[in-house]
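To find a chain, count down the sequence lines: A is the first, B the second, and so on, and within it residues start at 1.
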Protein chains: 2
Amino acid sequence: MFENKSYGTVLPLPANNETSYFDESWTEDDLKQIIRKMNLKVTPQRILILQTLHEGRVHITAQELYEKVQKINSDVGFATVYRFLKGMAESRVVTELRMGSMPTRYELTPKKHHDHMTCTDCGKIVEFQNKNIEDLQEKVARQYGFKLTHHVLELYGICTSCQMKK
Amino acid sequence: MFENKSYGTVLPLPANNETSYFDESWTEDDLKQIIRKMNLKVTPQRILILQTLHEGRVHITAQELYEKVQKINSDVGFATVYRFLKGMAESRVVTELRMGSMPTRYELTPKKHHDHMTCTDCGKIVEFQNKNIEDLQEKVARQYGFKLTHHVLELYGICTSCQMKK
DNA sequence: CTAGAAATGATAATCATTTTCAATTAGAAA
DNA sequence: TTTCTAATTGAAAATGATTATCATTTCTAG
Ligand SMILES: [Mn+2]
Ligand SMILES: [Mn+2]
Ligand SMILES: [Zn+2]
Ligand SMILES: [Zn+2]
């Protein structure tokens, strides 16, 4: 399974997974606003990291993001990338994705919540929304007296093209 | 079997939550059979590890299991515990539970699949089954041409008693 | 401007998990 | 039962992602 592939190498995410789903473009002022909203000082590093995250592929690892940022400004340390990513996760600007034992992946928190379905052969990730499932989750929580804060739903299987390869 | 019942905790580990949900008791022969079925040699270490896992609390970490086993036979190394646990996970004898960034927890794979709802305050874990959700997952997979192999569904929230503490 | 809190980044530390490898052992065959 | 050998073991080292340290630099409120 792709979960056993060595660390450091980029997962074979197909090109269509590398497009950002954020249609809107962000100006430097937008970026600064976002940083200020999390009560952090605006620094060139944070602007660059956030910008790169926004422009780049979704579901990126801290390491991948660090490498991308490095190519633009080699003065950015990976500690800063990890730190900022962690901060953004805390303030919900980004969402952490922990799939299996692989390094954590990040995506800018989308306006509308979605879950993920991953092909265990090629690593393709499909995003989906299903209100019925979300409603049922609430129902389960209610049955046990829980007040839900969040959830993790990941589907794993074989995608169409990988099925045909066999 | 474990419907409407909560088992184990992740964080505080109260003693009264250490009951196994496996009603059946396993004889040494049962243990040996299970090990042989995964095409592994029967060793005293593996018997002890499996037995301890069966008797102990569900949702246990490798480290916790190692410590329990140590008390009975200090000749068992933690590499063996990790290795055997990993092997059992591969042959589906145990199920891995990766919650957030905490160390992996293990449980003997139950006859009937269940998912987990965790209190983020006290760590209480509630196991639940919901056929509707499972069906909807299949439906989603079908929509995208995926052939599902497994899934991860974790609900997080505040349990009843933790809600009252506020 | 300036002060001082916040941020940075090189480096070391953490920590769960995996690997290595020499010594031991299970268990099939003789 | 004895032999043989591949599988297993455990101590220790390695790994890899992530986090902490801390001396230095940089924001930004005033
Ligand atoms: Mn996504
Ligand atoms: Mn369980
Ligand atoms: Zn695929
Ligand atoms: Zn609670």
Next on the checklist: Enumerate the ring-ring contact (aromatic ring centres under 6.0 Å, His included) contacts for residues 29-50 of chain B, please, sequence neighbours excluded, ordered by first and then second residue.
Outcome noted: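 Residue pairs with at least one partner in residues 29-50 of chain B: there are none.
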Item to check | All pairs passing ring-ring contact (aromatic ring centres under 6.0 Å, His included) where residues 72-104 of chain B contributes a residue, at least two apart | outcome: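 Qualifying pairs: B/Tyr66-B/Phe78.
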Which whole-number value in Å describes the distance from [X] [atom1] to [N] [atom2]?
X        : N      : atom1 : atom2 : result
B/Arg46  : C/dT24 : CZ    : C1'   : 14 Å
A/Met102 : D/dT18 : CE    : P     : 11 Å
B/Met38  : D/dA7  : CE    : C1'   : 15 Å
A/Leu65  : D/dA17 : CG    : P     : 15 Å
B/Leu85  : D/dT8  : CG    : C1'   : 16 Å
A/Tyr66  : D/dT19 : OH    : P     : 17 Å
B/Asn39  : C/dA28 : CG    : C1'   : 15 Å
B/Asp75  : D/dT8  : CG    : C1'   : 14 Å

Checklist entry - Is it true that B/Ile60 and B/Ile34 fall in one hydrophobic cluster, defined by side-chain heavy atoms closer than 4.5 Å? => result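 The answer is yes; both residues are in one hydrophobic cluster.
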Checklist entry - With sequence neighbours left out, what residues match A/Lys131 under side-chain hydrogen bond (donor to acceptor under 3.5 Å, both in side chains)? => result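 Checked A/Lys131 against side-chain hydrogen bond (donor to acceptor under 3.5 Å, both in side chains); matches are A/Asp135.
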Checklist entry - Can you say whether the rings of B/His116 and B/His59 are parallel (under 30°), tilted (30 to 60°) or perpendicular (over 60°)? => result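 Perpendicular: the ring planes of B/His116 and B/His59 meet at over 60°.
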For [X], enumerate each residue passing the side chain to side chain contact (heavy atoms under 4.5 Å, CB included) test, keeping only those at least two apart in sequence or located in another chain.
X        : answer
B/Thr27  : B/Asp29, B/Asp30
A/Ile47  : A/Glu28, A/Leu31, A/Lys32, A/Ile35, A/Val42
B/Gln45  : B/Thr43, B/Val76, B/Thr80
A/Thr160 : A/Met164

Item to check | Sequence-aligned protein contact record of nucleotides 18-23 of chain C, with B where the base is within under 4.0 Å of a protein heavy atom and S where only the sugar-phosphate is | outcome: BBB---
Checklist entry - How does protein reach along nucleotides 23-29 of chain D, written 5' to 3' as B (base within reach of a heavy atom under 4.0 Å), S (only sugar-phosphate), or - (no contact)? => result ----BS-
Item to check | Angle of first-five versus last-five pair axes in the helix from C/dC1-D/dG30 to C/dA30-D/dT1, to 10 degrees | outcome: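 Inter-axis angle at the ends, rounded: 40°.
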Item to check | Residues forming a salt bridge (charged side-chain N to carboxylate O under 4.0 Å, His left out) with A/Lys166, sequence neighbours excluded | outcome: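 Partners of A/Lys166 under the salt bridge (charged side-chain N to carboxylate O under 4.0 Å, His left out) test: A/Asp121.
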Sequence neighbours excluded and cut-off under 3.5 Å, please list the side-chain donor-acceptor pairs for residues 136-147 of chain B, or say none.
residue: B/Gln137; atom: OE1; partner: B/His151; partner atom: ND1; Å: 3.0

Next on the checklist: Over all strands shown, is B/Thr61 touching base, sugar-phosphate only, or nothing at heavy-atom distances under 4.0 angstrom?
Outcome noted: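 Touches nothing.
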